[in-house]
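Notes to accompany the following structure.
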There are 2 protein chains.
Amino acid sequence: MTPMPTAPKPATGLRERKKIRTRQAIRRAAYRLFEERGFDATRVDEIAEAAEVSPSTVFRYFPTKEDIVLSDEEDPVIEAALRARPADEPPLTALRAALHDVMAELWRQPEAVTELRQRMRLVASVPAIRARMHESIGKSGDVLHGAIAERTGRARGDLEIRILTGAVLGALTEALLHWTEEGLEDDLMDVLDRSFRVLEHGLAD
Amino acid sequence: MTPMPTAPKPATGLRERKKIRTRQAIRRAAYRLFEERGFDATRVDEIAEAAEVSPSTVFRYFPTKEDIVLSDEEDPVIEAALRARPADEPPLTALRAALHDVMAELWRQPEAVTELRQRMRLVASVPAIRARMHESIGKSGDVLHGAIAERTGRARGDLEIRILTGAVLGALTEALLHWTEEGLEDDLMDVLDRSFRVLEHGLAD
DNA sequence: CTACCTTCTGAGAGTCACTATCACTTGATA
DNA sequence: TATCAAGTGATAGTGACTCTCAGAAGGTAG
């Protein structure tokens with residue numbers, strides 16, 4: 001019986017550190033090999049060897065080969081940013097502001113941006129990874145759904161909210177893919193703004 | 001050299017008929033087994049045996065096991081319905097009307113509705129199939145994208161159009177999943193209308 | 001420092017979706 | 001009837017992923 005079951009510790013201890021390092025080693029090795037010879041042409045065994053672990057270990061850290069590419073630790077960040085917005089803002093406004101904040105923060109970390117580019121390149125070129133991304137976006141949808149339900153006072157299963165989050169995520173996904181196909185160099189913040197403009201005013205202007 | 005390379009024949013001939021029957025046999029057998037024992041617990045060999053063909057033949061007709069569930073012959077139908085709308089209608093209006101038409105036609109065929117229900121039940125419960133559906137929706141997005149680009153006079157690669165189609169398809173997908181999770185019995189036309197209302201007016205009312 | 005426990009790792013064997021190849025059958029055609 | 005093209009089945013792969021179990025290594029109490 002732990003006295004404070006709510007505090008999950010700041011992840012100190014040799015064990016935790018080793019796990020983080022192993023995870024990183026696998027992912028780095030995988031990215032390198034994927035860039036060198038392509039996703040499909042890279043076997044999991046090779047990733048394991050390059051990362052100096054056994055194949056079993058790779059699957060212990062990542063349930064599928066595709067999951068090595070998709071980290072997915074962003075959801076809670078976005079959710080937090082959304083909760084930080086004043087409660088009287090309409091959903092779309094709050095969402096735009098929240099995503100704006102998250103992206104500004106992301107852009108402050110050059111290596112995070114580099115990784116985003118690598119990842120999007122793979123997403124754009126490998127169907128299996130794209131499919132996986134859509135799945136994970138669906139899960140993000142659930143999270144957003146909950147947060148918006150709270151702030152608008154609607155029920156969790158509300159159809160209209162679900163439609164709204166679906167529309168927003170669908171729009172953003174397309175915008176992100178467009179950005180990727182255009183060479184990953186456009187101003188992503190601008191792409192984001194244009195997405196919300198369409199969501200708010202349609203194709204009008 | 002065929003005299004008329006544009007006319008692909010009305011699919012007469014024993015060969016064609018046999019192919020269609022084989023395809024149907026495989027799909028029917030698969031649906032039955034999936035309902036009986038679940039998607040993951042059904043091996044492709046078993047589907048082949050139930051359909052009285054060899055496993056190789058199953059893969060000749062469907063590239064993956066998931067594709068047995070997702071027919072995907074609807075895109076051209078929707079596209080045609082969209083092109084049939086007057087050119088001066090704004091995109092969202094035209095899309096709603098086109099989908100309205102397609103769905104009304106679908107509802108006129110009871111067995112098509114039954115199959116839709118079966119399919120959606122699998123989509124909702126099997127992640128791999130859901131992922132595949134998202135992929136195929138992405139392709140539908142391309143089609144819609146092209147059709148809307150034409151009718152608005154914008155370029156094919158236009159970001160705003162892509163955002164719009166992404167939003168519409170994202171909203172509709174969520175609505176369809178909601179419908180499925182609610183038991184497949186609600187009035188789907190109503191769900192469709194509510195989706196477009198949110199797309200046009202936001203969460204306002 | 002030692003003993004014990006829990007967690008992590010690696011090795012091995014097995015399952016199953018999917019691919020490639022090739023001989024054989026069968027519908028179309030002259 | 002002979003010939004050709006297309007569809008089928010058997011066989012032997014490949015590679016992602018699962019399960020199990022023995023041993024190693026971090027954490028902890030005495």
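Letters A, B, ... are given to chains in the order of the sequence lines, protein chains preceding strands, and every chain is numbered from 1. Bear in mind the structure is a predicted one, so any value in this text is a computation, not a measurement.
With respect to B:Arg197 and A:Glu160, no salt bridge is recorded, no charged nitrogen being found less than 4.0 Å from a carboxylate O. Checked for salt-bridge contact, A:Arg162 and B:Glu182 miss the test: no charged N lies under 4.0 Å from a carboxylate O. The pair B:Glu135-B:Arg132 fails the salt-bridge criterion, with no side-chain N (NZ, NE, NH1 or NH2) lying under 4.0 Å from an Asp/Glu carboxylate O.
Across the protein-nucleic acid pair, A:Glu52 atom CD and C:dT9 atom P stand 14 Å apart, rounded to whole Å. For the pair A:Arg17 CZ and C:dT7 C1', the computed distance is 16 Å after rounding to whole Å. Atom C1' of nucleotide C:dG10 and atom CD of A:Glu49 are separated by 14 Å, given to the nearest angstrom. If you take CD of A:Glu46 and C1' of D:dT14, they are 13 Å apart, rounded to a whole angstrom. To the nearest angstrom, C1' of D:dA16 lies 16 Å from CZ of A:Phe62. Atom P of nucleotide C:dG27 and atom CD of B:Glu16 are separated by 13 Å, given to the nearest angstrom. If you take CD1 of B:Ile20 and P of C:dG27, they are 16 Å apart, rounded to a whole angstrom.
For DNA chain D, no neighbouring residue in residues 123-139 of chain B is found when judged by any heavy atom under 4.0 Å.
When the salt bridge (Lys or Arg N to Asp or Glu O under 4.0 Å) test is applied to B:Arg83, the partners found at least two apart in sequence or on another chain are B:Glu79, B:Glu150.
Between C:dT7, D:dG9, D:dG7, one nucleotide has an atom nearer to the side chain of B:Tyr61 than all others, and that is D:dG7. Minimum atom distance to the side chain of B:Val53 is reached by D:dG9, of the listed D:dG9, C:dT26, D:dA25. Listed nucleotides D:dA10, D:dG26, D:dG7 differ in distance to B:Lys19; the shortest reach to its side chain belongs to D:dG7. Of the candidate nucleotides C:dT6, D:dG9, C:dG10, C:dT6 has the atom nearest to the side chain of A:Arg15.
Around CD of A:Glu35, the count of heavy atoms belonging to other residues, nucleotides or ligands within 6.0 Å exceeds 12.
The side chain of B:Lys18 places an N or O atom within less than 4.0 Å of a non-bridging phosphate oxygen (OP1 or OP2) of C:dG27.
The structure places CD of A:Glu105 at 14.0 Å from NE2 of A:His100, a figure rounded to the nearest 0.5 Å. How far CD of B:Glu174 is from CG of A:Leu164: 10.5 Å, rounded to the nearest 0.5 Å.
Considering only heavy atoms from C-beta on, B:Thr12 stays 4.5 Å or farther from B:Glu16 through its side chain. Contact check for A:Arg23 versus A:Arg27: side-chain heavy atoms found under the 4.5 Å cut-off.
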Provide a list of protein-nucleic acid N or O atom pairs under 3.5 angstrom, restricted to nucleotides 17-22 of chain C.
{"from": "C:dA17", "atom 1": "OP1", "to": "B:Lys65", "atom 2": "NZ", "distance (Å)": "3.3"}
{"from": "C:dA17", "atom 1": "OP2", "to": "B:Val44", "atom 2": "N", "distance (Å)": "3.3"}
{"from": "C:dC18", "atom 1": "OP2", "to": "B:Lys65", "atom 2": "N", "distance (Å)": "2.7"}

